[in-house]
2 protein chains.
Amino acid sequence: MTTLIEYLHRTIAVSDRLQQEIDRITRQRTVEKGQYLLRAGERCDVLRFVEQGLLRGYYIEQEKEITNWLAIDGEFATSFYSFITREASTESIEAIETTVLSEIKYADLQALYRDFPETERIGRILTENYYIKLEGRLLASHFKTAKERYEQLMDAHPILLQRAPLGYIASYLGISQETLSRIRAQY
Amino acid sequence: MTTLIEYLHRTIAVSDRLQQEIDRITRQRTVEKGQYLLRAGERCDVLRFVEQGLLRGYYIEQEKEITNWLAIDGEFATSFYSFITREASTESIEAIETTVLSEIKYADLQALYRDFPETERIGRILTENYYIKLEGRLLASHFKTAKERYEQLMDAHPILLQRAPLGYIASYLGISQETLSRIRAQY
DNA sequence: GATAGTTTTTGACATAGGTCAAAAACGGGG
DNA sequence: CCCCGTTTTTGACCTATGTCAAAAACTATC
C-alpha cells in the first residue's frame, strides 16, 4: 500500500498549507473487482492513483480488447490522453482486483497548479517519468523479441505476472496470448 | 522557421522579465550537415530546439543504428532520457541537414524553473504533449502493420519523408529499410 | 464435488516482415 | 558529364509470431 501523499512527499517539498489543500481535494474510494472507472466515450475527469490493487486501461480495436496499461500499487491510472486533451477517451478503465484509490478532479488539479505553482513541478516530473518508461516500451516493441519483452517485464514487475491474467499481459506486451503461453512454457 | 520564443509564446504567457531571461540563457547556433550534437556516452546537458533543419537521435543495438526520433523545424531535440535523469546518454544526435537551433543549458533551465515558476508549466505541458505522441507511436507499433504505420507518418509529417533518408525513416517506424522500400513501391 | 464459465495450453497452419546479397539509381565533386 | 560513394530497390529465402480451433486446466457456485 502506497498512498498518494507519500508519493508526493517523495517527489516535492510539501508545505503544510499545500498538504491541507491536497487533503481537501483528494477523495479516497474503493472499487470492487470487475467495476469500471471509465468507459470509452466518456471524458476522463479525474486523476487516479492506485494505493492498493490493480487496474487496467484498454480499448477496442477491430473487435479486440487491447490492454494499454496495467496500474498496480503506487501508480497513476488515468486515461492520460483524455485527461490532458479534454477529449473523450477511447480507453476504458476496469478494476482487475478490488482496488483502493485516491482521486483528484481535473478542475481541482488545475486550481492547485494555479494556487501552488510548485505543484507544476509534480506534474512535470511525473509526466517526465512516465515519458521515459513509455520510451523504453516503444524501443522494446520495435527491437526486442516477444520473449525478451516478457523477460524484461518479469524483471521489472514480477508481481504483475502473478496478479494479472495472462491475456491482459500478452496484450500489454503486444503479443498474442498463445505466443505468451508458449514462451512461458519454456521455463 | 519557427523560433523557440514563438513556440513559448504559444504555450504560456511570457512576461517581459521572463522574455529577457530566456533571451539571456538561450544561445542560437548553426550546425552543418553530418555534425554531431551529442555522442553516446556523454550526458545531454542542453535542451535543444530546432528552428530550422533536421536532426536525428539514434543509438546502436547489436551493431545496428536504430533511429529513435527525427526532429524537424519547430520541435525539441534532446536526449530526454539523459537530460531528465542526468545519466549518460545511449543516444547520439546528428544533423541530417544544416540546422539552426536554440539551446538552453540544463542548469539555466533549472534556475528558470526556480525563478519563474510559471515555466514549470511549459515543462509540464511540453512533456505531456510528447507523452501523448509517444503513446500513439507505441500503439501503432503493437497493432498496426508496417504499411499502416508508414501511411500514418505520411499523413502526419509528409515533409519528413522528403527530407530524411529512407533508412532512417524505416528505422524510426521500426521496420527494415527493404520492407519500407517495398511498401513505397506499391504507390 | 458436479456444473458451468473462464482462462490457459496445445496443435496445425499461414504470413508479415526480417535477412542477406546483388543490382540499380542517385548525387555531388572534379 | 563521368566517377565513386551512398542510398534505394529487387529477388530469394527464412522465421517469429499471428490465427483458428479444440482440448485441458482452473475457479467459483450451488
| message | In this structure, how many angstroms lie between the P atom of dC26(D) and the CG atom of L166(A), rounded? | response | 14 Å

| query | Considering heavy-atom distances to DNA chain C, does K144(B) or K33(B) have its closest nucleotide positioned more toward the 5' end? | reply | K144(B)

| said: Can you work out whether G167(B) or K147(A) has the more 5'-proximal nearest nucleotide on DNA chain D? | reply: G167(B)

| Is any NZ, NE, NH1 or NH2 atom of the basic residue among E21(A) and R24(A) found under 4.0 Å from an Asp or Glu carboxylate oxygen of the other? | yes

| request: For R182(B), answer base if it contacts any base atom (sugar-phosphate contacts may also be present), sugar-phosphate if it contacts only those atoms, and nothing otherwise; contact means non-hydrogen atoms under 4.0 Å. | output: base

| Among dT8(C), dT17(D), dT19(D), which nucleotide sits nearest the side chain of A146(A)? | dT17(D)

| field | Protein-nucleotide distance (Q186(B), atom CD; dT9(D), atom P), rounded to Å | value | 12 Å

| Atom pair distance, as rounded to whole Å: CG in L180(A) and P in dT7(C) | 15 Å

| query | Can you check the E148(B) CD to dA16(C) P distance for me, whole Å? | reply | 12 Å

| query | Atom CD of Q177(B) to atom C1' of dA25(C): distance rounded to whole Å? | reply | 13 Å

| field | Nearest-nucleotide pick for P165(B), side chain only, options being dT8(D), dT10(D), dG18(C) | value | dT8(D)

| query | What nucleic acid atoms does I175(A) come within less than 4.0 Å of, heavy atoms only: base, sugar-phosphate, or nothing? | reply | sugar-phosphate

| request: Tell me whether the guanidinium CZ or amine NZ of R48(B) lies under 6.0 angstrom from the six-membered ring centre of F76(B) and within 45° of its axis. | output: no

| message | Could you tell me how far apart Y150(B) (OH) and dG17(C) (C1') are, to the nearest whole angstrom? | response | 17 Å

| Within the pair T179(B) and dG17(C), is there a side-chain N or O less than 4.0 Å away from OP1 or OP2? | no

| query | Between K64(A) and dT19(D), does any side-chain N or O lie under 4.0 Å from OP1 or OP2? | reply | yes

| said: Measuring from the side chain of E178(A) (C-beta onward, heavy atoms only), which nucleotide among dT9(D), dT8(C), dC20(D) has the closest atom? | reply: dC20(D)

| Just checking, K133(B) and Y130(B): is the charged tip under 6.0 Å from the six-membered ring centre and within 45° of the axis? | yes

| task | Go through the steps to decide whether D115(A) and R17(A) satisfy the test salt bridge (charged side-chain N to carboxylate O under 4.0 Å, His left out), and finish with yes or no. | result | CA-CA 11 Å; D115(A) 300 336; R17(A) 247 188 81 235; over 6 Å; no

| Basic-acidic side-chain contact under 4.0 Å: R124(B), E128(B) | yes

| field | Nearest-angstrom distance from the residue atom CZ of R184(A) to C1' of dT7(C) | value | 10 Å

| query | To the nearest angstrom, how far is Q162(A) atom CD from dT7(C) atom C1'? | reply | 17 Å

